[in-house]
Number of protein chains: 2
Amino acid sequence: MIRKKARRTMGGETYKSMAGQKDNEVPAIRTLADLARVAGVSTGTVSRALAGKSLVNVETRERIQTLAREHGFRPNQMASKLRSRRTGVIGVVIPLGHELRQHISDPFFLTLVGYLADELTEGGYDLMLSRALPDGTSDWLDRIAGSGMVDGVIVIGQSDQYDLIEAASHSYRPLVVWGQHRAGQNHCVVGTDNAAGGRIAVEHLVASGATSLAFLGDTTGIEIADRLRGATEAATAAGVPIRHIPIPLATDAMGPEIEAAMASQCSGINGVVAASDLVAMAALRCLHQKGMRVPEDVQIVGFDDLPLAAQTSPPLTTIRQEIAAGARAMVERLRALVEKEPATSLVMAPTLVVRQSTRAEG
Amino acid sequence: MIRKKARRTMGGETYKSMAGQKDNEVPAIRTLADLARVAGVSTGTVSRALAGKSLVNVETRERIQTLAREHGFRPNQMASKLRSRRTGVIGVVIPLGHELRQHISDPFFLTLVGYLADELTEGGYDLMLSRALPDGTSDWLDRIAGSGMVDGVIVIGQSDQYDLIEAASHSYRPLVVWGQHRAGQNHCVVGTDNAAGGRIAVEHLVASGATSLAFLGDTTGIEIADRLRGATEAATAAGVPIRHIPIPLATDAMGPEIEAAMASQCSGINGVVAASDLVAMAALRCLHQKGMRVPEDVQIVGFDDLPLAAQTSPPLTTIRQEIAAGARAMVERLRALVEKEPATSLVMAPTLVVRQSTRAEG
DNA sequence: ACCCCTATTGCAATCGATTGCATAAGCCAT
DNA sequence: ATGGCTTATGCAATCGATTGCAATAGGGGT
């Protein structure tokens with residue numbers, strides 16, 4: 001045990017004294033103080049020079065900047081952020097509340113993450129990605145928000161954590177959520193009018209001849225529940241029957257379940273509203289295997305308009321969510337909140353993108 | 001000017017004194033010192049107690065931990081990381097060297113990011129996501145590696161930055177790259193044997209009756225170039241002609257270009273090796289529109305085996321890359337490197353996944 | 001009764017950059 | 001020549017947690 005202890009200590013020492021000297025002949029400049037010594041000025045001046053402040057002499061500033069570049073010096077961010085009380089990092093969290101099987105690699109989430117990464121990088125922020133598995137303790141949001149590591153938090157999808165998010169938003173301000181808006185809610189949300197999306201989908205199906213509908217998708221997530229609500233309303237208004245088939249949204253488990261569900265419950269259905277493009281794709285494939293033609297025998301409308309919706313055969317008619325615009329809006333709002341300014345929620349109108357998985361209207 | 005200065009100072013003060021008091025009646029405990037005062041001990045003891053060290057009395061430790069939980073106190077990570085010289089953050093970078101149009105939301109990258117997020121979170125690390133647009137200055141890797149914000153860096157895809165990565169690996173150790181392995185390289189890489197993948201694809205196509213082949217995909221990325229090389233070797237060995245059609249891999253621009261390319265160059269082709277599943281999907285759709293049947297008229301083999309490869313119609317025969325296993329391997333290796341232990345590169349064997357876009361062999 | 005030892009706890013230096021304030025130098029006007 | 005002003009720089013406190021070392025108290029052995 002003593003030996004182990006000794007070894008560890010020595011290891012630490014070795015690390016410290018050798019760090020950065022392996023491939024550099026020069027003594028390696030690691031801190032502001034090092035650079036200050038080389039430049040013959042104080043650390044304060046170096047700090048100001050590197051920050052490009054006008055307080056320092058132009059000549060001095062450039063000399064120091066050149067020196068820093070030559071030595072590949074970059075100030076330690078940890079120290080900087082500690083002192084300036086600003087991290088320049090935004091936390092992006094995906095709560096996986098219902099359906100633990102729904103992996104973080106869900107295409108919709110990842111597409112949104114991609115756009116967020118672009119927007120945040122553009123604005124000089126870094127992006128810290130976390131997945132949260134809410135358990136009983138329910139401190140997943142506090143943990144990341146209160147860690148002192150991030151200036152603000154973006155939550156992608158409310159899952160079944162709506163109440164917790166709403167509660168957290170009262171004490172933690174720089175918080176923007178992708179999801180469903182409810183009247184009177186406190187937290188700033190950006191999302192799509194899901195009910196309208198469901199309605200539009202059904203109206204399109206009815207207009208192009210569908211007479212017996214199904215809604216495919218589990219409605220634990222409140223966004224999905226709202227899509228079903230809109231779809232049901234429109235179906236009722238049109239006098240067309242609609243059946244709800246709550247298959248899970250998890251990518252990997254979708255295949256078998258959808259086949260079982262469709263085999264047993266879908267006889268006579270000629271119009272399908274899918275909770276997402278992925279569900280629609282699974283349905284497409286399932287129908288194809290059963291020898292049903294799309295859109296001749298059954299019409300399908302997806303939801304999301306992911307890039308790959310245009311790549312299926314037939315290409316998918318779908319309800320488009322403006323993911324890129326949404327990402328931009330979220331970052332704008334979060335920045336406002338970080339600056340202590342107010343921000344209002346945004347509910348975007350969904351649009352129908354007609355491709356070839358439905359017939360022409362009329 | 002004086003007024004402005006004064007205002008700024010006051011603003012700062014206000015922020016400081018009011019922070020965290022908005023929704024809390026209690027004076028809010030923000031620092032170790034605050035908690036120490038409440039608990040009647042020193043900050044050192046609190047620090048040790050929260051870290052769960054055995055040095056402190058069990059009783060005291062539990063009292064402090066309870067107190068911390070009650071007040072929702074969480075130590076400031078910036079300070080902690082500064083002192084302990086360990087950030088617990090891994091940087092994940094996607095260099096977009098060739099093809100700036102290739103968005104960060106490329107499904108393959110994002111799938112890998114998803115798995116990495118899972119693996120890293122599991123291991124107690126956070127993940128900082130960056131996209132890098134290498135320009136002339138070429139310091140994108142140093143910038144993130146030397147920022148002091150991360151313990152290590154994972155680079156997803158070498159793009160056309162192989163030399164820069166190789167160079168950086170000499171001075172920056174905790175670095176693991178997803179991509180192509182070259183003999184004698186210094187940086188630790190995890191990836192697939194791309195040449196073997198190309199070879200397998202061609203062998204399968206030939207075995208199932210293809211007599212005139214095409215390879216679809218731009219080969220600026222060295223991984224893709226290697227796939228083409230393997231494919232060409234196998235075609236030559238089998239005495240079957242193969243044509244290279246360098247369409248770009250960018251998702252959005254793929255549609256039109258692939259159609260133009262296939263229209264002009266693909267007459268007589270009955271076997272296609274795609275550089276990725278996405279390219280394969282585009283080809284699939286294109287052929288479908290032209291009335292060609294897959295696999296009866298043309299057979300297609302994709303590359304990657306993304307989850308959605310099973311969802312196309314017909315489902316895609318493809319060369320599988322072990323993305324999940326790769327992510328795990330990368331994290332394992334990175335952890336070793338962070339601990340100053342050696343790590344060796346890993347080249348995984350690709351496997352053929354036969355679905356319905358190719359005919360039965362023999 | 002005295003000394004040694006161990007289990008706890010406090011003290012203060014430290015990580016590295018930032019920034020308010022003080023200081024110094026240079027310049028102009030009186 | 002002196003005071004006022006601008007510009008440039010240095011000094012030292014500060015951000016908040018960690019940790020080596022010192023100090024204290026209580027327990028046991030002789």
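Hydrogens, waters and symmetry mates are skipped; everything else that's a heavy atom, side chains included, is used. Naming convention: chains lettered A, B, ... in sequence-line order (proteins, then strands); numbering from 1 in each chain. Being a predicted model, the structure only gives us computed values, none of them experimental.
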### Message
Quick check on contacts: within residues 45-61 of chain B, what sits under 4.0 Å from DNA chain D by heavy-atom distance?
### Response
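Those residues are B/S47, B/R48, B/K53.
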
In whole Å, what is the span from the [atom1] atom of [X] to the [atom2] atom of [N]?
X: B/L82; N: C/dT18; atom1: CG; atom2: P; value: 12 Å
X: B/Q77; N: D/dT18; atom1: CD; atom2: P; value: 8 Å
X: B/D34; N: D/dA17; atom1: CG; atom2: C1'; value: 13 Å
X: B/N76; N: D/dT18; atom1: CG; atom2: C1'; value: 13 Å
X: A/M78; N: D/dC15; atom1: CE; atom2: P; value: 18 Å
X: B/R74; N: D/dA17; atom1: CZ; atom2: C1'; value: 16 Å
X: B/L32; N: C/dC11; atom1: CG; atom2: C1'; value: 15 Å

Compare side-chain N and O positions of [X] against OP1 and OP2 of [N] and report whether any pair is under 4.0 Å apart.
X: A/R85; N: C/dT18; answer: no
X: A/R83; N: C/dT19; answer: no
X: A/S80; N: C/dA17; answer: no

### Message
As an exercise, state the distance from CD of B/Q77 to OG of B/S84, rounded to the nearest 0.5 Å.
### Response
9.0 Å

### Message
Please check: side-chain N/O of B/D151 versus main-chain N/O of B/I90, any donor-acceptor pairing under 3.5 Å?
### Response
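Side chain of B/D151 to backbone of B/I90, a donor-acceptor pair under 3.5 Å: no, none is there.
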
### Task
Answer with yes or no after comparing the ring centroid distance for A/Y162 and A/H187 against a 6.0 Å cut-off, counting only values under it.
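When the ring centroids of A/Y162 and A/H187 are compared, they turn out to be within the sub-6.0 Å range.
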
### Task
Tell me which of B/A79 and B/G40 sits closer to the 5' end of DNA chain C, going by the nucleotide each one is nearest to.
B/G40

### Message
Return a single string for nucleotides 22-27 of chain D, one symbol per nucleotide in 5' to 3' order, where B is base contact, S is sugar-phosphate-only contact and - is none, cutoff 4.0 angstrom on heavy atoms.
### Response
------

### Task
Using the side-chain hydrogen bond (donor to acceptor under 3.5 Å, both in side chains) rule, collect all pairs that involve residues 41-54 of chain B, keeping only residues at least two apart or in two chains.
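Passing the test, one end in residues 41-54 of chain B: B/S42-B/T45.
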
### Derivation and outcome, side-chain contact (heavy atoms from CB on, under 4.5 Å), residues A/H170 and A/N186
CA-CA 7 Å; A/H170 286 277; A/N186 182 66; 3.8 Å; yes

### Task
Report which part of the nucleic acid B/T31 touches: base, sugar-phosphate, or nothing (heavy-atom distance under 4.0 Å, all strands).
sugar-phosphate

### Query
Is the closest side-chain heavy-atom distance between B/T121 and B/L127 below 4.5 Å?
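No - every pair of side-chain heavy atoms lies 4.5 Å or more apart.
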
#### Entry: Nearest-nucleotide pick for B/S42, side chain only, options being C/dG10, C/dG16, C/dA17
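Comparing C/dG10, C/dG16, C/dA17 against the side chain of B/S42, the answer is C/dG10.
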
